[in-house]
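Convention: sequence-line order gives letters A, B, ...; per-chain numbering from 1. Hydrogens, waters and symmetry mates are skipped; everything else that's a heavy atom, side chains included, is used.
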Amino acid sequence: MIALVDCNNFYVSCERVFNPKLEDKPVGVMSNNDGCVVARSAEIKQLGVEMGMPAHQIDPHIRRQCILLSSNYALYGDMSRRVTDVLSQHTPHVDVYSIDESFLSFEGFESDSLEERCQVMRHQVRRDTGIPVSVGLSTSKTLAKIANHRAKKEPGFDGVAIMHPDSDDTRAFLEQLPVTEIWGVAGRSAVRLHTLGIENAWQLREASPQHLRKHFSVVMERIVWELRGVDCIHLDDMTQPKKQIMVSRSFGRLTNNKADLHEAIRVHTSRAGEKLRKQQGLAQAIMVFVRTNRFRDDLPSYNKSLVVPLPRPSDDSRELVRAAIAGLERIFKPGIMYQKCGVMLMDLCDHDNEQLGLLAEPVSDEKREKNEKLMATLDKLNREHGKNTVRLGMPRKVNSWELRCEHRTPRYTTRWDELACVKT
DNA sequence: TGGGCAGTT
DNA sequence: AACTGCC
């Protein structure tokens, strides 16, 4: 059996742990740059604030009743780790799927007592971390996801729902479940499934896997098997090293300032270098892109990207930055109001079996060791003292390009100076 | 009106 | 290099 453990309204729940005044209130957490609403309390859902809604599109009358917070990823990441720690006490097989979801395997466990076991686990997570979670149980990940939805929506389940793949109850539920509610099926696929006469999850389950593979891809074929209860989506590739590493951000406000883009590209590239070193990889090329706001038809639009090959495979932020800036110089167009820029490290290879190009100059062991030490020190400082404590290049006085996050709460659990104060 | 992938054209 | 799809 597989369990999907999903935190309820995760970001909002994290905020409530440290600020009980948010309990019973319509609370929302916004995405980066205070753009869209990405987490909602039950009360704000009641007011009709939809998932992914741009914050500025909320009716002002409704908005006044809501508490909208900027996202506090330092807090959510740390709370997520705490939840995972508790889950790990209940089974050795925990696959962290996202910041608020984990798949647990209960293979080899007594199946009669699984629901009870999950209730105990659920209560322990609540007690030890303050985060409410729901649990869906079945024999495949896709069905466990669906069971989890039911655990959240149908109060009778008390937070833990089990779905046996071949029961009448499962059939009845799948028959009324639109395909868009299935993990991996969204708008475009739904339209194409519709033309094949497939509207609900049961019809998809009964369709021929080969047929669907032909019309879609192996991904859709797997969904059919999964709906039949066959576990065939494997997540171990989650921990596999990434094939590309991307770092990009929107600017707090649009900018046409070349220095802003330079600084942003430097910071994003440094961050990408950190991620690359963490997975012990080397990049052979770096892509740099700039973009205008596609929703502003009143301004000229300009989207441009450029791949810059690196002289040799590298994980040295200084070499990466040099290449990225060279790329930026070639695609920067003056007089354009830019909304976003970023970099992507490409053609990643493993640190150990680095291959030198024909023209690449080998680096002496001594020099390489020095570079590695420098980068390791940089990473350590930034890890322990907060992002961007140490940066490459000249810092600027005003980071006019930096993100908007006007309503961020303290990083209660990861910063000594931002600990929650019980009484002053 | 977010960010980070993978995959296709 | 640009675009699509997904979460």
| task | With sequence neighbours left out, write down each residue that passes side-chain contact (heavy atoms from CB on, under 4.5 Å) with A:S208, or none if nothing qualifies. | result | A:Q210, A:H211

| Counting any heavy atom closer than 4.0 Å, what does A:G342 reach on the DNA or RNA strands: base, sugar-phosphate only, or nothing? | nothing

| task | With sequence neighbours left out, write down each residue that passes side-chain hydrogen bond (donor to acceptor under 3.5 Å, both in side chains) with A:W202, or none if nothing qualifies. | result | none

| salt bridge (charged side-chain N to carboxylate O under 4.0 Å, His left out) contacts in which one or both residues fall within residues 129-152 of chain A, not counting sequence neighbours | A:D6-A:K152, A:E101-A:K145, A:K141-A:D231, A:R150-A:E154, A:R150-A:D169

| Where chain A begins and ends its contact with DNA chain C, read 5' to 3' at 4.0 Å from heavy atoms | C:dA1 to C:dC7

| field | A:V191: partners by side-chain contact (heavy atoms from CB on, under 4.5 Å), with sequence neighbours left out | value | none

| said: At under 4.0 Å between heavy atoms, how does the protein contact nucleotides 1-7 of chain B? Give one character per nucleotide, 5' to 3', with B, S or -. | reply: BSSSSBS

| note | Residues pairing under salt bridge (charged side-chain N to carboxylate O under 4.0 Å, His left out) where one sits in residues 28-41 of chain A, two or more places apart or in two chains, turn out to be none

| said: Please list all pairs meeting salt bridge (charged side-chain N to carboxylate O under 4.0 Å, His left out) that have one or both residues in residues 68-91 of chain A, counting only residues at least two apart or in different chains. | reply: A:D78-A:R81, A:D78-A:R82, A:R81-A:D85

| Cation-pi check, A:R228 onto A:W225 ring (under 6.0 Å, within 45° of axis) | yes

| task | Report the residues that fulfil ring-ring contact (aromatic ring centres under 6.0 Å, His included) with A:F109, sequence neighbours left out, ordered by chain and then residue number. | result | A:F106

| field | Span that lies between the C1' atom of C:dC6 and that of B:dG2, in whole angstrom | value | 14 Å

| said: Heavy atoms only, 4.0 Å cut-off, all strands: where does A:S189 land among base, sugar-phosphate and nothing? | reply: sugar-phosphate

